[in-house]
Amino acid sequence: MLLHIIARGKIGRSPEAELVDRYAKRLTMPFKITELPDRGGKLPPAPPACVTVMLDEKGRQLNSMDFAKRIEGWRDSGKRECRFLIGAADGFDDTERDDADLLIAFGAMTWPHMMARAMLAEQLWRACSILAGHPYHREG
């Protein structure tokens with residue numbers, strides 16, 4: 001299953017970009033990042049057998065094990081792509097939220113979207129590590 005981050009804004013050369021690259025290189029599942037302009041520009045059409053996860057302040061807060069189990073379930077049910085949407089400063093509207101399969105939040109605090117991208121990349125790597133039985137993740 002392809003793990004696909006679709007994010008508003010250009011990350012450029014930054015410490016956050018280095019973190020995203022570091023974790024992306026460690027992933028054992030196929031991975032892709034698509035950057036959209038801060039305003040305008042349409043999401044690429046969702047391919048068949050795709051699940052859409054939106055990072056949103058109104059989303060559920062999952063622990064790393066639950067996040068990994070969700071990815072595992074989608075992968076094992078035949079989903080070909082899991083798209084993770086990260087919005088610009090104003091986030092998403094209700095129509096966009098309604099179209100998502102899952103809304104998740106990285107806590108109650110607001111995070112800059114460039115940090116959210118790095119945090120998501122780390123959680124994707126952690127999920128892959130959990131699914132592979134790697135001892136990196138220590139629960140409890």
Item to check | From His4 atom NE2 to Arg80 atom CZ, the distance as rounded to the nearest 0.5 Å | outcome: 14.5 Å

Next on the checklist: When you measure from the side chain of Arg60 to the backbone of Ile104, do you find a donor-acceptor pair of N or O atoms at a distance under 3.5 Å?
Outcome noted: no

Checklist entry - side chain to side chain contact (heavy atoms under 4.5 Å, CB included) between Ile71 and Met1: does it pass, once the steps are laid out? => result CA-CA 9 Å; Ile71 290 173; Met1 179 175 70; 3.7 Å; yes

Checklist entry - Atom CZ in Phe31, atom CH2 in Trp125: separation rounded to 0.5 Å? => result 14.0 Å

Item to check | Where Ile130 and Ala68 come nearest, the two heavy atoms and their spacing | outcome: CG2-CB, 3.9 Å

Checklist entry - If every non-hydrogen atom of Ala118 is compared with every non-hydrogen atom of Leu19, which pair is closest and at what distance? => result CB-CB, 3.9 Å

Next on the checklist: So for atom NZ, which belongs to Lys32, do other residues, nucleotides or ligands contribute more than 12 heavy atoms lying within a distance under 6.0 Å?
Outcome noted: no

Next on the checklist: Among Asp93, Asp94, Asp101, exactly one meets salt bridge (charged side-chain N to carboxylate O under 4.0 Å, His left out) together with Arg97. Which residue is that?
Outcome noted: Asp94

Next on the checklist: Exactly one of Ile5, Val20, Val53, Leu3 should register a side-chain contact (heavy atoms from CB on, under 4.5 Å) with Leu120. Which one does?
Outcome noted: Ile5

Checklist entry - With side chains defined as the heavy atoms from C-beta onward, is the minimum distance between Ser64 and Gln123 less than 4.5 Å? => result yes

Checklist entry - Rest of the hydrophobic cluster containing Leu85 (Ile/Leu/Val/Met/Phe/Trp/Tyr, side-chain heavy atoms under 4.5 Å)? => result Ile6, Leu36, Leu43, Met54, Phe92, Leu103

Checklist outcome for this item: In this structure, CZ of Arg26 is separated from OG of Ser129 (nearest 0.5 Å) by 8.5 Å

Checklist outcome for this item: Heavy-atom nearest pair, Phe67 first then Ala127, reads CD2-CB, 4.2 Å

Checklist entry - Looking only at heavy atoms, what is the nearest atom pair of Met29 and Arg75, with distance? => result CE-CD, 4.1 Å

Next on the checklist: To the closest 0.5 Å, what do you measure between SG (Cys128) and CD (Glu72)?
Outcome noted: 11.0 Å

Next on the checklist: Please determine whether side chain to side chain contact (heavy atoms under 4.5 Å, CB included) holds for the pair Phe106 and Leu55, giving the CA-CA distance in whole Å, both sets of side-chain angles, and the decisive distance to 0.1 Å.
Outcome noted: CA-CA 8 Å; Phe106 288 142; Leu55 274 68; 3.4 Å; yes

Item to check | Side-chain donor/acceptor of Glu35 to backbone N/O of Ile11, under 3.5 Å | outcome: yes

Checklist entry - Do Arg22 and Glu18 meet the salt-bridge criterion of a basic N to acidic O distance under 4.0 Å? => result no

Item to check | Trp74 side chain to Val51 backbone, donor-acceptor under 3.5 Å | outcome: no

Item to check | Check against side chain to side chain contact (heavy atoms under 4.5 Å, CB included), Met119 and Glu122 | outcome: CA-CA 5 Å; Met119 292 164 59; Glu122 192 280 338; 5.7 Å; no

Item to check | Distance-only polar pair, side chains of Thr110 and Glu57, donor-acceptor under 3.5 Å | outcome: no

Checklist outcome for this item: In terms of heavy-atom contacts, Gly12 and Ala17 come closest through O-CB, 3.2 Å

Next on the checklist: To the nearest 0.5 Å, what is the distance between CG on Leu62 and NZ on Lys69?
Outcome noted: 11.5 Å

Item to check | Distance-minimising heavy-atom pair for Gln61 and Ala108 | outcome: NE2-N, 3.8 Å

